[in-house]
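The basis for the numbers below is simple: all heavy atoms, side chains too, and nothing from hydrogens, waters or symmetry mates. Please read all numbers here as calculations on a predicted model, not as lab measurements.
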Amino acid sequence: MRQNSIKVIHGGLTADLKVCDKAFCRAYVTNTRLMGVLAIHAEWICTGDNFRFPLHQFFYIDCEEAGLETYRSFRGQGSSEMELYEQGLVGGLGSDRIPVSEAELRWLLNHWRIFNEKHSLPLPAKQDEYSFIFEGPAELSYEDRRNVLDKVCVDITSDYQLVNYFLMRCFGRDYEAAGRLTDLTYDFPLDLYDSYIKATFCKNSIDLEKKYGDGSSSYICDSLIEMGGKHKTVISRVVIKDMKVIGFEHCDSFDISSAEAAMMLKKTEFTNVYEFLLEGDDLEENLGEFIVGLNTIMTTHSNGRLFMAFKSTNDHVCERVFMLSNDVRGVYYLTDYGQLILMAYTPEDVSRLEAKLALSPLGQHIVPTARYEFLEPVFFEFINSGFEDFEDFLDLTHDR
C-alpha cells in the first residue's frame, strides 16, 4: 500500500509579519482632530507561502501630549474580541469614520511618528508589525495634505463651536490644530497658555462682547481649567470673522478651590436601580451586550463595572456653555453584588437609556427597585465609596 503524502497548509495566524506580502485593503480615521485625539483602523491582506489572511490594525493618537500612543492588531476575519476593542477605542469619540487611501494612511502615521521622535516619545510596542507603514511612500502634495487635515477635522458651523475648539486646542498646546482655526493674515500669538501643562478644559462660558462694522465679533470667555488636581478660572477675549479666529487675548485668571470647581460642574442626576438576575458564567457571557449592544465603554472599579454611554456626535462643543462631560449620554453600573444602576443627567437621556436597556436581551433579566433624582453628585461618590449596596450607601451617607 502506498503511503499518502500529507501537506500541512498553515493558516498564517502565527506567520511572521516581516516576511508577509501586505496589500492595502481599506482604512478609516476619526474626524476628531479638533478634540485632540485620532483613532485609525487599517486593514491589509497578508499573503505568503500557503497562507492568506486579513490583518486589522488599530492606532490611537493623542495629539496634545503622547502622540502615537497605542497599537493593537487582530489577524483573521473580524471577531467579537475585535468588535469589543473597536467599540472601546472609537465608541466614546463622538466621531464619523472617514475613509482614507493608503497614501493618506501612510502620511498620517508618519506625521505622528515624527511627532514622537521630536518629543522623545516611544512608539507603541510591536513595532515589527506596523513599521512597514513607515517604509512605504508617504509624501503627499500640499493640496493632498490639506485634504487629509480637512478629513480629520469636523466642519465649523457656528461661532460658539469655533471659539470652544480654538480655546481647547490652545490650552492643550496643540498649535497645529489651533492654527487651522485662525486667519493667517492676522498676526497674534497662539501660545498665551503655554505654561498650562496637561491641562483639562473642563468648562467654558462664552458671551458676546461686541459686533464690529467689518463683520467681526469679539467674545469674552470664562474657562474652568484643571491642572495637576488644581483648578483655575481663565478669562480670554477671542475675536472671529468669517468662521476664523483673527484675535486672541488673555484678560485675567485666578485660582479657585476644588469645592468651587465642583459647584461649577455639578449636574442633576437621574438614577434608576435594578436587581440584576444573571450571575456567574451567565453574567460574563452577556457582558458583551452592555458594550456592543448598548454602545458603551467599560471600566472596572472596586465594587463593579462601569459602562459609559457616549453621545454619537460632539455637538456639545457648539453650545454657549461648553462642558467636557456633556458628551456622556449616561452610565450603567453593574455591581459585584447583583445591582444594576442607570444614571443620566437629563430626563430625556435617562428615558432613552431605559428604553434601550428594556429592548436589549438584558431587559428580561432586570427588576426595577427604585428611582431617584439627586441635585448633588451621588453616583460617582457611590462607586468610589466601597459600599456594596446603593441603598445602604444612601441610608448611611445621605438624607432621603
May I ask you to check whether [X] and [Y] place their ring centers less than 6.0 Å from one another?
{"X": "Tyr85", "Y": "Phe74", "answer": "yes"}
{"X": "Phe248", "Y": "Tyr193", "answer": "yes"}
{"X": "Phe374", "Y": "Phe379", "answer": "no"}
{"X": "Phe276", "Y": "His365", "answer": "no"}
{"X": "Tyr71", "Y": "Phe58", "answer": "no"}
{"X": "Phe390", "Y": "Tyr333", "answer": "no"}

Just checking, is any N or O donor in the side chain of [X] or [Y] under 3.5 Å from an acceptor N or O on the other one?
{"X": "Thr157", "Y": "Gln161", "value": "yes"}
{"X": "Asn303", "Y": "Asp336", "value": "no"}
{"X": "Asn110", "Y": "Arg113", "value": "yes"}
{"X": "Tyr219", "Y": "Ser236", "value": "no"}
{"X": "Asn204", "Y": "Ser223", "value": "yes"}
{"X": "Ser325", "Y": "Lys267", "value": "yes"}

Give a yes or no on this: more than 12 heavy atoms of other residues, nucleotides or ligands lie within 6.0 Å of atom [atom1] of [X].
{"X": "Gln77", "atom1": "CD", "result": "no"}
{"X": "Lys198", "atom1": "NZ", "result": "no"}
{"X": "Glu279", "atom1": "CD", "result": "no"}
{"X": "Asp128", "atom1": "CG", "result": "yes"}

Query raised in the report: Between atom CG of Leu306 and atom CD1 of Ile341, what is the distance when rounded to the nearest 0.5 Å?
Result: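 Answer for the CG-CD1 pair, Leu306 versus Ile341, is 10.0 Å.
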Query - CD on Glu69 to CG on Asn116, rounded to 0.5 Å - result: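 It comes to 9.5 Å.
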Contacts under 3.5 angstrom, residues 250-265 side chains, donor-acceptor by atom type, not counting sequence neighbours:
| residue | atom | partner | partner atom | Å |
| --- | --- | --- | --- | --- |
| His250 | NE2 | Asp252 | O | 3.2 |
| Asp255 | OD1 | Lys232 | NZ | 2.7 |
| Ser257 | OG | Glu260 | N | 3.1 |
| Ser257 | OG | Glu260 | OE1 | 3.2 |
| Glu260 | OE1 | Ser257 | N | 2.8 |

Does [Y] offer a backbone N or O that forms a donor-acceptor pair with the side chain of [X] under 3.5 Å?
{"X": "Asp174", "Y": "Glu64", "value": "no"}
{"X": "Asp96", "Y": "Thr30", "value": "no"}
{"X": "Asp327", "Y": "Lys311", "value": "no"}
{"X": "His119", "Y": "Phe115", "value": "yes"}
{"X": "Arg145", "Y": "Leu140", "value": "yes"}
{"X": "Glu86", "Y": "Glu83", "value": "no"}
{"X": "Arg173", "Y": "Asp194", "value": "yes"}

Report task. Please determine if Glu102 and Arg106 form a salt bridge, counting it only when a charged side-chain N lies under 4.0 Å from a carboxylate O. Result ->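 Salt bridge flag = yes for Arg106 with Glu102.
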Query raised in the report: Would you call Asp21-Arg52 a salt bridge at under 4.0 Å N-O?
Result: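 Answer for the salt bridge query: no.
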Query raised in the report: Could Lys22 and Phe132 be counted as a cation-pi pair, given that NZ or CZ must be under 6.0 Å from the ring centre and within 45° of the axis?
Result: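 Yes, Lys22 lies over the aromatic ring of Phe132.
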Would a 4.5 Å heavy-atom cut-off, applied to side chains only, mark [X] and [Y] as touching?
{"X": "Arg371", "Y": "Glu354", "value": "yes"}
{"X": "Leu342", "Y": "Thr271", "value": "no"}
{"X": "Asn147", "Y": "Tyr142", "value": "no"}
{"X": "Tyr28", "Y": "Val90", "value": "yes"}

Looking at every non-hydrogen atom in both residues, tell me the closest pair between [X] and [Y] and how far apart they are.
{"X": "Leu55", "Y": "Cys46", "answer": "CB-SG, 3.7 Å"}
{"X": "Ser218", "Y": "Tyr212", "answer": "OG-OH, 3.4 Å"}
{"X": "Met243", "Y": "Leu162", "answer": "C-CD2, 3.5 Å"}

Query - Non-neighbouring partners of Ser73 that pass side-chain hydrogen bond (donor to acceptor under 3.5 Å, both in side chains), sequence neighbours left out - result: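 Listed in chain order: Glu129.
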